[in-house]
Amino acid sequence: MRFAITTLGCKVNQYDSAMIEARLEQAGLERCEFDQVADVYVVNTCTVTDRADVESLKLARRARRSNPRARVIMTGCLAQASPERLAAAPEVDRIIGLARMDDLVRAAAQDPRPDDARVMVSNLRKSRSAIDAAAVVPAGQTRAFIKLQEGCDQFCSFCIVPFSRGASRSVAPRQVLEVLDSLHEQGFKEVVLSGVHLGGYGKDLSPPVTLMGLLEMIAERCPIPRVRLSSIDPEELSDEVIDLVAQSDRFCPHFHLPLQAGEDQILERMRRRYRIDDYRRRVERILQRMPDAAIGTDLIVGFPGETEEHFEHYFQFVERLPLAYFHVFPYSVRSGTTAAKFGGKVPAGEIKRRAERLRKLGELRRQVFIRRFVGAKIKVLVEESREPGCQRLRGYSRNYIKVLVHGADQLKNHEIDVDASAVDGSALVGRTVGSPAPSAGSSRN
C-alpha cells in the first residue's frame, strides 16, 4: 500500500507529520507524493484561520480526485477542533484527532470494519495523555527536533490552539534525556527543543519541573554539542535561562521571542502577558550577555482595533529593536476565538499595506545582522543537502545564519570553521578553515 501526506500550518504540525510518516512506514506502507496516486491520503490540517479550514477541505477533494477509491484521512488541528465540519464532507473517510496515533495508523494500514468509528476525537482539554518523545529530522537537515510539550493554557484572544491542541502536557525529563542519548548514538550534532507552549513546560508533571530545571539537566549531561531552543514567550524567558545559555557551550545563542504587537493596548486586547517595555528589557538582557545572539520574532498585523496611530507606534518600536529577523502574519479571523467577535476590523487592503512595510523592515534587519559577520570566523554545522542551484555546501551558524561554502561531501554533518567573506542573498559565503577529521559517531545511521 502507498500513502501520501500533506501538511498545513506550523512547525509543530510538520513535526507531527514526520511522526505520522515514520509510523506508517513502520507499519509497512510506502510513501509517495501527495499529487501521485496513493491508497491512503493523510491531510494534517491547520485551523489557525478560517482560510486554513477551507484549504484543508480543498486538499481532501484533491486527494479524492487523484484516486476515488483511496482512503482520505483528516487529522491535525481542524480535525481536533471541528470534526463535525469535516464529517459533513463526503470526500472525507476518517477524522482522527490529535494524540490518537495508534488509531490513525490502524485506519491507514488496515481495511475498515463495519463497527469502526468514522470520527475518533478525544477531549484534549480534559485529557492528560502522554505525548510521544521521539525525535524527527526534516529531509536534508542534520538537526533533529524533539517536541517536549504539547497544548497550551494561555488562551490568547486570537488563538484557537488551547482548543485544538488541548491542555499543556509535557514529556518527563528522563524521557527527554533518553532521546538525546539516542540521537547522539545516531551521530546527530544539533537538536532543537520545541513545544506548542515551550515556556509552560513541566507545570503538569508530578512533581512539577521548570524549563530552567530541564535545561540545567541538559547542560550537565547532554552529549550533543549544539542545543537550540524554539519559540518561547518573552515573559517566560527568565534571566536564569538567559544566563545558562550564555554560560554553557552546549546551547546556541539564538532566541525566538514572539512579540505579536508593538503597542500595549493591542497586546492587552490579545491577552498577551507582557508589555512592550518587558519585551525590550528581554532583548537588552540577551544582548548584554551574548552580543552576537540572534533574536527573531513573530508579528501580527491588522489585529482588530489597531488604528493607524497604533501601527505607527508598533512600527517605530520594532524599528528600534536590534532583531535579527522576524515573521509577519496578516491578521485573519479564526471563528471560535474571542478576537473574532471584536469590532474595529482593519480593512484587508490596509492590513496588506502594513504587512508589506514590516516585511521590508524585516529584510533590512536580516541583512544588517548578517553583514555584521563578514570577515569573521564562525562555526557552521553542514547539512546533508547542498544549496539548490549553486550546489555549495550549506549549513547554519550557532546564531542561525545560513552559510554557503565549497567543499567535499565528507564535511556533511560536521561542525566546521568558516571564514565569512561576503553576503549572497540571505546567506553568508565563505571558505573552510582546515578540515575536520571523521570521528566516532560523526556519521548518521
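Just so we're clear, the structure is a prediction, and the values are computed from it rather than from any experiment.
Residues Tyr314 and Glu306 meet the side-chain proximity criterion, which asks for heavy atoms closer than 4.5 Å.
Taking the six-membered ring for Trp, Tyr331 and Phe303 have ring centres closer than 6.0 Å.
For the atom pair CG of Leu267 and OH of Tyr279, the computed distance is 10.5 Å after rounding to the nearest 0.5 Å. A distance of 6.5 Å separates CZ in Phe329 from NE2 in His327, rounded to the nearest 0.5 Å.
The aromatic rings of Phe311 and Phe315 sit tilted relative to each other, their planes meeting at an angle between 30° and 60°. Below 30°, between 30° and 60°, or above 60°: for Tyr400 and Tyr325 the angle between ring planes is between 30° and 60°, a tilted geometry.
Gln80 places a side-chain N or O within donor-acceptor distance of the main-chain N or O of Leu98, the cut-off being under 3.5 Å. Under a 3.5 Å cut-off, the side chain of Ser248 and the backbone N or O of Val245 do not form any donor-acceptor pair. A side-chain donor-acceptor contact under 3.5 Å links Asp93 to the backbone of Val72. Arg250 places a side-chain N or O within 3.5 Å of a backbone atom of Cys222 that can act as its donor or acceptor partner.
Shown here for Leu24 and Val105, the closest heavy-atom pair between the two residues is CD2-CA, 4.0 Å. Nearest heavy atoms, Val171 versus Leu205: O-CD1, 4.0 Å. In terms of heavy atoms, Ile224 sits closest to Val191 at CG2-N, 4.2 Å. Looking at every heavy atom in both residues, Leu428 comes nearest to Ala420 through CD1-CB, 4.0 Å. Closest of all the heavy-atom pairs between Ala79 and Val121 is O-CG2, 3.6 Å. Residue Ile378 comes nearest to Ser397 through the heavy atom pair CD1-CB, 4.4 Å, listed as atom of the first residue, atom of the second, then distance.
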Show the numbers, then the answer: is there a side chain to side chain donor-acceptor pair (under 3.5 Å) between Glu150 and His197? CA-CA 7 Å; Glu150 173 66 281; His197 175 209; over 6 Å; no
Evaluate the side-chain contact (heavy atoms from CB on, under 4.5 Å) criterion for residues Arg228 and Glu190: first the C-alpha distance (whole Å), next the side-chain angles of each, then the deciding distance (0.1 Å), finally the verdict. CA-CA 7 Å; Arg228 197 179 296 277; Glu190 181 174 317; 2.9 Å; yes
Report the C-alpha separation of Glu415 and Arg226 in whole Å, then their side-chain angles, then the decisive distance to 0.1 Å, and conclude whether the side-chain contact (heavy atoms from CB on, under 4.5 Å) test is met. CA-CA 10 Å; Glu415 188 173 56; Arg226 293 175 35 145; 2.8 Å; yes
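Salt bridge Arg85/Asp53: present, at least one basic N to carboxylate O contact under 4.0 Å. Ion pairing between a basic and an acidic side chain is recognised when a charged N comes within 4.0 Å of a carboxylate O; Glu387 and Lys402 show such pairing.
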